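Working notes, structure below.
On a predicted model such as this, the values are computed, not experimentally measured, just so you know.
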Amino acid sequence: MTHEKIYTENMFLHYGSKMALNDISIQIPEKKVTAFIGPSGCGKSTFLRSLNRMNDLIDGVKIEGKILIDNINIYDKNIDVVTLRKKVGMVFQKSNPFAKSIYENVAYGPRINGINDRKQLDEIVETALKNAAIWEEVKDRLGDSAMGLSGGQQQRLCIARTLAVNPEIVLMDEPASALDPLSTSKIEELIVQLKEKYTIVIVTHNMQQAARISDLTAFFYLGELIEFDKTKKIFTNPEKKQTEDYITGRFG
Amino acid sequence: MIKSFKKDIKGILIEGLTLSSALIIIAIVVVMFTVIFIGGKDQITWEFLTSFPEDGMTKGGIFPAIYGTALLVILMSIAAVPFGTITAIYLTEYAKENSIIAKTIRFAVRTLAVIPSIIYGLFGLGFFIKFVGTQMDETFLGGQLKWGQPNILWASLTMSLLTLPVVIVSVEEALKTVPRELRAASLALGATKWQTIWKVVIPGSISGIMTGTILAVSRGAGEVAPILFTGVAYYLATLPASLSDQFMVLGYHIYVMTTQSANVDQTMPIQFGTTLVLLALTFILNMSAIILRYRIRKKKTD
């Protein structure tokens, strides 16, 4: 068994007085693709955002229990959120490039980390764009605005931007839900390649997508983690009735 | 279902009434612009714009008033734009939307915006000149009178208070057009809040900051009351050379020539010329602000 990268134990999350996550305990292994599935509002995205503390930005969110990354509790008082987010990158549902050039989008992360040497930045940008499988499409127009790219290209650019910070974990919140089938399959191929170097956690509404690309699948329902196992097992022989009902399309 | 003749007449009358009041507005604008343009157009020469008043201001140009107006709005902007922008950043980026402090600041900004401008003038006299200026003189110059009297610095600062609400509201509106997703993207890359504001939010709202600046400048260029007690002069033979000098301003120059001149009829062409210059200046400034704002709104809906 590989090393567990993310470990939570009895984790609860409240929005004000409403419970959004109820007693989540999960162990997510390193350098695998783990998919979170479940109907809308089941807490899978909320849980994902807890892993790089993006929920901190929302008023009234209260988290209890343990969330460990590499055995460090990321909600500990002396944890620097900025450092945490460099280690745990995130790709959002809607592609959100900055209104800057393609180059500057990717260089943004390294620059805020104090890297200003042009040669070093060039290298980082090229590597990140290559790792995000978009280098061939943009190498001749790095100075053009990122806003001119197609939706699928923008999303891969956002992945490149995340990789440029050199994270260990990449969280993806329905990264392909707004894309056409061709762009989606490119993103899926990319995700499978990325697991060689990164631990990937992806939230998806698309069960075929989870089945195609993930090694492990977690099924969330009404704020609870119902079942977590190898993807193959979840999709062929789930333990729980609720999981079976969901993946066979009986609800959700 | 017989049409009531009475109702018809009433409908026509009401429509006619609303239309005529709308037309009166257009007529006022047209008359105003036409009269000022016809009266002032022959006066506008290079010499008029670049020379000093002569013969008890019955002849010559209005250069000192143009220079003073420009200097006033520049100094005012230097004070009001950063201060207003920083306040707007606090309100949109740091303060919680419905916190007591945010509500209090917004209330104060709205109040500042409705205070009659002459009150700003009195405040400037009392605070900047009598309090700050006199203290400076006593502390640094042993009581010698330098800062404790009207000058362009105090006038500009007084004017900046008047224009502050304009800057704050414009910048706030611009900051809000920067999508939340971009802030999230920046933070998720490990940027601090300040790095996010400095590198993503402010560059994304630079045109709004410019709109606010232009509107403030245009407001400041047209106002006279706030500088009446704080620095504007009736007539000066020299241009202001230091922050402690007084200055001339277009708006006040018009007032002086219309009411204080020995021979009002003789100065009539100069009055028209000065008015046309002031009107053109504020009109151009406002138009550019409107165009900029329109482009921001368009960007927001894209």
Side-chain angles (χ1 to χ4, degrees), chain A residues 45 48-49 51-60 80-101 104-115 128 146-147 154-155 157-173 178, chain B residues 85 89-106 171 173-211 292-302:
Chain A
S45 288
L48 189 79
R49 283 199 305 272
L51 302 178
N52 66 343
R53 292 187 57 174
M54 287 301 276
N55 283 328
D56 289 15
L57 308 176
I58 302 165
D59 286 343
D80 176 23
V81 185
V82 167
T83 321
L84 168 73
R85 290 189 187 137
K86 281 170 191 159
K87 181 168 168 168
V88 187
M90 186 166 213
V91 176
F92 297 81
Q93 180 174 7
K94 213 179 124 207
S95 60
N96 53 0
F98 302 124
K100 299 174 192 280
S101 68
E104 284 304 324
N105 261 279
V106 183
Y108 183 86
R111 275 192 202 278
I112 55 173
N113 284 319
I115 299 173
M147 311 313 270
Q154 285 190 4
Q155 194 59 299
L157 177 68
C158 291
I159 294 174
R161 183 175 66 182
T162 303
L163 301 182
V165 185
N166 208 12
E168 293 171 26
I169 300 170
V170 179
L171 308 174
M172 298 187 172
D173 193 355
Chain B
T85 303
I89 288 173
Y90 177 77
L91 282 173
T92 46
E93 306 296 320
Y94 289 97
K96 294 211 168 87
E97 184 65 27
N98 285 314
S99 63
I100 292 171
I101 178 125
K103 280 183 176 166
T104 313
I105 295 170
R106 288 209 168 83
V171 176
E173 194 189 333
L175 294 174
K176 281 182 184 157
T177 63
V178 177
R180 200 187 294 238
E181 291 85 26
L182 291 188
R183 293 181 173 83
S186 173
L187 293 170
L189 289 168
T192 62
K193 187 154 191 164
W194 173 245
Q195 285 170 328
T196 302
I197 293 170
W198 185 245
K199 298 200 163 194
V200 176
V201 180
I202 292 182
S205 49
I206 199 79
S207 47
I209 296 170
M210 275 167 62
T211 312
L292 257 177
R293 184 164 281 188
Y294 171 77
R295 284 172 54 185
I296 297 168
R297 294 222 170 112
K298 213 174 132 204
K299 192 182 88 185
K300 196 179 174 183
T301 52
D302 274 353

Cut-off 4.5 Å, heavy atoms of chain B, and the answer for A:N113 is neither
For A:M54 against B:A184, the heavy-atom pair lying closest together
CE-O, 3.4 Å
Contacting region of A:R161 [heavy-atom separation from chain B under 4.5 Å]
both
Once rounded to the nearest 0.5 Å, what's the spacing between atom CZ of B:R183 and atom CG of A:N96?
12.5 Å
Name the region of A:K87, side chain, backbone, both or neither, that has any atom closer than 4.5 Å to a heavy atom of chain B.
neither
So what's closer than 4.5 Å to chain B heavy atoms on A:P167: side chain, backbone, both or neither?
neither
Give a yes or no answer on whether the side chain of B:E181 reaches the backbone of A:K94 with a donor-acceptor pair at less than 3.5 Å.
no
Can you tell me how far apart CG (B:L187) and CZ (A:R53) are? Round to the nearest 0.5 Å.
12.5 Å
Under a 4.5 Å heavy-atom cut-off, does chain B meet the side chain of A:F98, its backbone, both or neither?
both
Separation between CG of B:L189 and CZ of A:R111, rounded to the nearest 0.5 Å:
14.0 Å
What part of B:K199 gets within 4.5 angstrom of chain A, counting heavy atoms only: side chain, backbone, both, or neither?
both
At their closest point, which heavy atom of A:F92 faces which heavy atom of B:A185, and how far apart are they?
CE1-CA, 3.8 Å
To the nearest 0.5 Å, atom OG1 of B:T196 lies from atom OH of A:Y108 at 4.5 Å
